[in-house]
Amino acid sequence: MRYILIIFSLLFFIGIINGFRNHDSSLNKGLKHRVPGYESNPSASRRSNPNDPPAQWFTNRVDHYDPQNTNTFKQKFYVNDTYYTPGSPVFYILGGEGPVGASYVTGHFVFNQYAQKFNALLVAIEHRFYGDSIPMGDLSLENLKFLSTQQALADYAAFVPFLTQKYNTGSSKWISFGGSYSGNLSGWLRLKYPQLISAAIATSAPVKAQLDFPEYFEVVSQSIGPTCSAIVANITQTVNVMLNNGQNEQVQQMFSACDPIITDLDIATFMESLSSGITETVQYNLDNNNYTFTNITAMCSRFEQSSDPMKEFIDFNNEYNQFSGSQCTLSSYKKSVEYLQSSNYKSVNASSRSWNWQCCTEYGYWQTGSSLNQPFSNAITLEYFTQMCTDIFGPKGFIYQPAIQYILNDYGGANIQATNVIYERGTIDPWSVLSVQSQPNSESQVFLIDGAAHCAPMYPSRADDLPGVIEAREMEISLISSIVFNN
Ligand SMILES: *[C@@H]1O[C@H](CO)[C@@H](O)[C@H](O)[C@H]1NC(C)=O
Ligand SMILES: *[C@@H]1O[C@H](CO)[C@@H](O)[C@H](O)[C@H]1NC(C)=O
Ligand SMILES: *[C@@H]1O[C@H](CO)[C@@H](O)[C@H](O)[C@H]1NC(C)=O
Ligand SMILES: *[C@@H]1O[C@H](CO)[C@@H](O)[C@H](O)[C@H]1NC(C)=O
Ligand SMILES: *[C@@H]1O[C@H](CO)[C@@H](O)[C@H](O)[C@H]1NC(C)=O
Ligand SMILES: *[C@@H]1O[C@H](CO)[C@@H](O)[C@H](O)[C@H]1NC(C)=O
């Protein structure tokens, strides 16, 4: 039997506005909220090491479906051929919602270790409208209509024959890799283009599109445990009481909010920012990606052992802001929206605008506080996110309805029927709720990793890896073997 490992990770996250630091890994960081001021950090992805392979460019079509539109754009990719021998596989690392850098093929992911084992050619490609691969040069509304999952998959398919010719890899099998959003793309690429892609690996992929995603905060709560969660709930509650009493200025000062907290939308913006330090710590807990601010144990023992948890949380939040490159806690809805509007759309650094577009038009996944079983604020409503889509992209009064049903119909949701697939997810990953939960068919596999966070198996192995992470990687290797050696 052949398997395809689909590593679905959650790069996605919706968020909206919050331009969370994208670090250098769109394979992993993207899904978080995007807070202005925490814009993606392309310098990380361009971290230049003289030995790094250079960026290369593929001329791709802007619109794969309109024969009269002959516009093209330059799509960035990187190749590492150090290990490649003819006939060995091509490992196709798909970009997600952020810039792709040379590190994608020089050891940032465990895939390099696999490449060494299989003499594979490592190829990483950037997603349209992220990083430096911007069709028509900007993120205007007019151009964003070419930003869709369907077009992105067609880009990735069109690249296969191009590279095959350029690197003379005609006898090689292609295996796609991705995590989070790009994990989804990896599985979907195999589903839609099985003649090009022999297998796929998808880690932590949010396979089930859904508009309202209150489960995110529920899993965060479970992952930090009842004691820690109760402290967070108490803080949220205390802030709520203060805001209800009109002590907005005091709240602003206490939590170093960047701007006055005035409207309900400001409150939602602020409460969402306050949750970020904790949710991000959970999402990336101990993932060996070298970018996490802290880990769950350290964070919670800090809160739990303090005689003044509120003060401890405030310190934590300030440190987290600094880590994220911000001096204060985002609190102005208006500024968040303005940041993502036209005045900044030319900034190729602004992955946030592109990601928000994808969430508003295709995915939903709004991480609301609508569940009672979680410690964050119920001011973070679906209306807040919906309003934001309208305010960012306009026109006034237009209600964006993400094409969730279309996405589910087109790809199958958690019942995706691609063969030779492994869907991996970690039990503490808030995104795991949207991953494939049970085996969709006999030629794919589902693997739940006890204790693992978002995309954990994608990073280089280390001595203290969780047993489940080690097992997941062994599973991937044996599945790749079965594809490559045809047994
Ligand atoms: C390929 O990746 C390895 C690390 O896995 C690195 O040592 C090597 O320099 C890379 N080759 C190129 C051409 O970048
Ligand atoms: C938060 O916890 C403190 C200390 O246990 C308690 O005095 C206070 O009433 C709690 N506040 C809320 C809103 O639950
Ligand atoms: C993380 O840092 C360690 C030590 O600096 C390094 O050996 C490792 O390769 C890094 N991992 C990643 C994913 O960059
Ligand atoms: C968690 O973070 C703390 C503080 O940075 C560190 O001392 C500890 O080693 C980390 N835990 C693990 C398992 O890495
Ligand atoms: C993008 O980011 C780089 C590096 O952080 C910065 O130098 C550049 O000015 C930014 N470009 C825009 C258009 O904001
Ligand atoms: C990710 O893929 C699954 C199918 O594998 C699908 O149900 C889900 O909607 C996808 N996520 C998004 C955001 O489209």
Side-chain angles (χ1 to χ4, degrees), residues 45-56 77-85 88 90-91 93 100-124 167 177 223-224 226-245 247 251 254 271 277-278 280-282 284-316 319-320 323 375-378 426 428 451-453 456 458-467 469:
S45 62
R46 292 180 191 132
R47 209 184 285 127
S48 50
N49 176 327
N51 300 320
D52 278 353
Q56 300 190 63
F77 69 97
Y78 293 90
V79 173
N80 180 339
D81 59 4
T82 298
Y83 306 123
Y84 185 66
T85 56
S88 300
V90 175
F91 287 176
I93 304 169
V100 163
S103 67
Y104 271 54
V105 297
T106 58
H108 184 71
F109 298 111
V110 71
F111 315 143
N112 278 57
Q113 294 170 8
Y114 297 173
Q116 202 158 357
K117 217 179 175 67
F118 291 98
N119 300 320
L121 185 71
L122 283 160
V123 181
Y167 280 82
F177 292 79
S223 299
I224 63 180
T227 311
C228 194
S229 193
I231 292 170
V232 177
N234 179 296
I235 289 162
T236 301
Q237 210 34 48
T238 305
V239 176
N240 278 347
V241 169
M242 289 177 74
L243 292 172
N244 286 338
N245 291 340
Q247 296 169 282
V251 170
M254 260 173 86
M271 296 310 274
I278 295 168
E280 191 181 72
T281 297
V282 172
Y284 303 117
N285 191 50
L286 303 179
D287 70 1
N288 199 23
N289 186 25
N290 288 357
Y291 287 112
T292 7
F293 170 52
T294 180
N295 57 57
I296 294 175
T297 309
M299 174 181 75
C300 285
S301 61
R302 192 173 163 175
F303 298 158
E304 288 164 19
Q305 281 162 19
S306 171
S307 56
D308 188 352
M310 177 59 93
K311 182 178 175 302
E312 202 59 44
F313 174 79
I314 288 169
D315 291 346
F316 168 85
E319 289 161 28
Y320 172 74
F323 171 77
F376 302 102
S377 172
N378 62 8
I428 70 163
M458 296 173 62
Y459 301 105
S461 50
R462 59 178 170 189
D464 53 356
D465 275 329
L466 291 167
V469 169

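Keep in mind that the numbers below use all heavy atoms, side chains included, and drop hydrogens, waters and symmetry copies. As the structure lists them, so they are numbered: ligands from 1, and atoms in each ligand from 1. Throughout, residue positions are numbered sequentially from 1 according to the sequence presented.
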> Can any side-chain N or O of Asp81 pair as donor or acceptor with the backbone N or O of Tyr84 at less than 3.5 Å?
Replying inline: no

> Under 3.5 Å, side chain of Ser306 to main-chain N/O of Arg302, donor-acceptor pair present?
Replying inline: no

>> side-chain contact (heavy atoms from CB on, under 4.5 Å), that's the test. Do Tyr78 and Thr106 meet it? Break it down for me.
In response: CA-CA 10 Å; Tyr78 293 90; Thr106 58; over 6 Å; no

>> Does Phe91 form a ring-ring contact (aromatic ring centres under 6.0 Å, His included) with Phe111? I'd like the steps, not just the answer.
In response: CA-CA 8 Å; Phe91 287 176; Phe111 315 143; 7.8 Å; no

> What do you reckon, does Asn80 have a nitrogen or oxygen under 3.5 Å from a nitrogen or oxygen of ligand 1?
Replying inline: yes

>> So for ligand 1, is Asn112 a polar contact partner (N or O within less than 3.5 Å, distance only)?
In response: yes

>> With the threshold set at under 4.0 angstrom, would you say Val79 reaches ligand 1 through any of its heavy atoms?
In response: no

Please give the N or O to N or O pairs under 3.5 Å between ligand 2 and the protein, distances rounded to 0.1 Å.
unit_1, atom_1, unit_2, atom_2, d
ligand 2, 2 (O), Asn234, OD1, 3.4
ligand 2, 2 (O), Asn234, ND2, 2.1
ligand 2, 11 (N), Asn234, ND2, 3.1
ligand 2, 14 (O), Asn234, ND2, 3.4

> What atoms of ligand 1 come within less than 4.0 Å of a heavy atom belonging to Pro53?
Replying inline: 14 (O)

>> Please list, in number order, the atoms of ligand 1 under 4.0 Å from a heavy atom of Thr82.
In response: 1 (C), 8 (C), 10 (C), 11 (N), 12 (C), 13 (C)

If I take atom [atom1] from residue [X] and atom [atom2] from residue [Y], how far apart are they, to the nearest 0.5 angstrom?
X      : Y      : atom1 : atom2 : result
Leu121 : Thr85  : CG    : OG1   : 10.0 Å
Tyr320 : Thr281 : OH    : OG1   : 7.5 Å
Ser103 : Asn80  : OG    : CG    : 11.5 Å

>> Tell me if the centroids of the rings in Phe316 and Phe303 come within less than 6.0 Å of each other.
In response: yes

>> Under 4.0 Å, heavy-atom basis, I'd like to know which part of Val105 is in contact with ligand 1: side chain, backbone, both or neither.
In response: backbone

>> Is there a polar contact between ligand 4 and Asn295, counting only N or O atoms under 3.5 Å apart?
In response: yes

>> Less than 3.5 Å apart, any donor N or O on the side chain of Thr238 or Asn234 sitting next to an acceptor on the other?
In response: yes

